There are 2 protein chains.
Amino acid sequence: MEQKQSKKMFVQIVKQLRELIATQQIKPGEKLPSERVLCEQLNVGRSSVREALRSLELLGLIETRHGGGTFLADVGQHKLVEILSSFILQGTKSVDDVNATREMHEREAIRIICRNDSLRNLPIWDSLFISIELQDEVIREYLLRECIIASGNRLALKIWMQLVAYSMNILKNYVTEEEKEVLQVLLKSIQMGYEEEAIEAYDDWMHHLQTIT
Amino acid sequence: MEQKQSKKMFVQIVKQLRELIATQQIKPGEKLPSERVLCEQLNVGRSSVREALRSLELLGLIETRHGGGTFLADVGQHKLVEILSSFILQGTKSVDDVNATREMHEREAIRIICRNDSLRNLPIWDSLFISIELQDEVIREYLLRECIIASGNRLALKIWMQLVAYSMNILKNYVTEEEKEVLQVLLKSIQMGYEEEAIEAYDDWMHHLQTIT
DNA sequence: ATAACAAAACTGGTCAGACCACTTTTGTTA
DNA sequence: TAACAAAAGTGGTCTGACCAGTTTTGTTAT
């Protein structure tokens with residue numbers, strides 16, 4: 001209904017939710033006010049409240065139970081990621097460290113996937129395999145993101161995304177035929193569960209990207 | 001309107017959006033179908049589509065221009081970082097994720113050390129080897145810290161310290177004879193540069209710690 | 001008094017329609 | 001051909017409605 005700031009409403013609501021959680025001292029695992037209460041309290045429509053809540057849910061910050069309510073995600077605090085991001089934003093001039101850490105996350109994700117049958121057999125790998133043929137640039141980050149997501153470690157995903165936000169950029173060239181082959185080897189290895197081959201393919205890939213730029 | 005899967009609708013839509021982006025080869029910076037088109041195309045209500053889009057927007061994966069349209073994010077913008085981090089202080093998902101991430105750092109450090117002759121030959125390993133005979137509890141984190149430090153990635157060290165501070169708990173028992181042996185195998189493997197054996201020893205170690213608690 | 005159970009109230013999930021504000025396209029005019 | 005105004009398109013938000021679960025409440029039978 002209002003919102004002086006010209007910013008996105010649902011982002012404003014996210015902020016207000018944070019304040020609300022702080023002031024009312026809602027701890028992880030505890031219940032948040034219902035959507036309808038929040039509407040009235042924040043003086044906005046329910047859809048806006050829901051957009052904010054759904055965003056936070058996708059981030060894993062809240063948990064929702066149909067008919068039950070909305071709860072602050074479990075687990076203690078300690079501003080791990082906050083400090084992390086401040087570290088990143090200040091830029092320690094060691095881009096190499098950021099890249100190395102990012103690659104560590106990616107390798108680990110690949111390893112986890114290789115070792116888990118159900119993860120290996122996800123349909124996403126097939127569709128990615130096909131996408132590679134269709135030549136595009138997105139595929140690189142998209143593939144890696146899928147790997148991290150599939151690995152199931154949401155903390156790692158969050159860290160990784162920040163690392164990417166910090167360093168991912170150089171990857172702006174076309175995907176060469178050579179690179180395509182490497183990527184397909186990587187995907188095939190993942191699907192077969194050949195961990196070492198997958199890692200090797202990944203390393204090849206990264207090396208290949210470095211030589212380009 | 002439907003959505004066979006029992007999962008959250010907006011998550012389903014996120015998935016379908018991913019597929020759509022893949023199949024239609026939408027590249028960063030390019031435009032996505034309008035919300036109203038997506039409604040009809042996916043056969044769902046506009047609110048559901050918006051909940052999915054807003055989630056992706058908060059993640060920084062898409063960009064929205066009022067009156068203009070929705071676009072696949074161009075790499076580089078990271079409001080994600082602030083929003084995420086400022087809210088993340090409520091804690092991320094599970095302790096498991098923190099531990100898994102911590103272990104990833106530790107394994108990676110071990111690998112790096114194994115592959116680098118000068119790191120392998122650091123005198124610290126010998127002194128640690130001896131210390132194991134004497135010390136009792138401190139040695140665990142101390143050994144791991146030395147590994148991370150030796151690996152030379154300062155960002156990783158910073159992250160690791162946060163993770164340890166976050167999940168400091170399990171490491172509170174006495175070091176058994178059995179554990180000492182595992183640790184010595186680990187150190188020996190590191191010194192010899194036997195990467196896989198070192199990782200195996202590390203995994204044994206972690207498994208051993210879990211069975212204790 | 002208490003246990004069991006059914007009804008009511010509450011809560012999230014989804015949809016439809018209506019406006020508003022802003023941008024892009026289109027068509028007309030100078 | 002350039003300039004500009006109208007129209008169409010698109011995101012932003014609100015309201016109200018209904019459904020489907022969960023929690024609370026109240027009544028009844030033991």
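These figures come from a predicted structure and were not determined experimentally. Residue numbers begin at 1 in each chain, while the letters A, B, ... track the order of the sequences. The analysis underlying the following values was restricted to heavy atoms, covering all of them including side chains, and did not include hydrogens, waters or symmetry mates.
Salt bridge status for A/Lys15 with A/Glu19: absent, with no side-chain N to carboxylate O gap under 4.0 Å. Ion pairing between B/Arg54 and B/Glu51 fails under the 4.0 Å rule for side-chain N and carboxylate O. Salt bridge present: A/Glu108 and B/Arg107 bring a charged side-chain N and a carboxylate O closer than 4.0 Å. Taking the charged nitrogens against the carboxylate oxygens, A/Arg36 and A/Glu40 have no contact shorter than 4.0 Å, which rules out a salt bridge. In summary, B/Lys180 and B/Glu178 do not engage in a salt bridge, as defined by a charged side-chain N under 4.0 Å from a carboxylate O.
Distance, B/Phe10 CZ to C/dG12 P: 14 Å, rounded to whole Å. Rounded to whole Å, the distance from CG on A/Leu53 to P on C/dT14 is 13 Å. One interatomic measurement links the two molecules: CG of A/Leu42 to P of D/dC14, which rounds to 10 Å at whole-angstrom precision. The CD atom of B/Glu35 sits 15 Å away from the P atom of C/dA16 (whole-angstrom rounding). Distance, A/Glu40 CD to D/dT15 C1': 14 Å, rounded to whole Å. What separates CD1 of A/Ile62 from P of C/dT11 is a distance of 15 Å, to the nearest Å.
Phosphate contact (OP1/OP2 of C/dG12, side-chain N/O of A/Thr70, threshold under 4.0 Å): present.
Counting any heavy atom pair closer than 4.0 Å across all strands shown, A/Ser47 reaches a base atom. Residue A/Ser34 is classed as a sugar-phosphate contact, given heavy-atom separations below 4.0 Å to backbone atoms only. Among the heavy atoms of the strands lying under 4.0 Å from B/Arg46 is at least one base atom, whether or not backbone atoms are also near. Looking at heavy-atom distances under 4.0 Å, A/Arg65 makes contact with sugar-phosphate atoms alone, never a base.
The partner of D/dT27, taking Watson-Crick or G-U wobble pairs whose two distances both stay under 3.5 Å, is C/dA4.
The base of C/dG12 lies close enough to the side chain of A/His66 for a donor and an acceptor atom to sit less than 3.5 Å apart.
When each of B/Ser48 and B/Lys31 is assigned the nucleotide of DNA chain C with its nearest heavy atom, B/Ser48 is the one assigned upstream, toward the 5' end.
Distances from the side chain of B/Arg50 to the nucleotides C/dT14, C/dG12, D/dT13 place D/dT13 closest.
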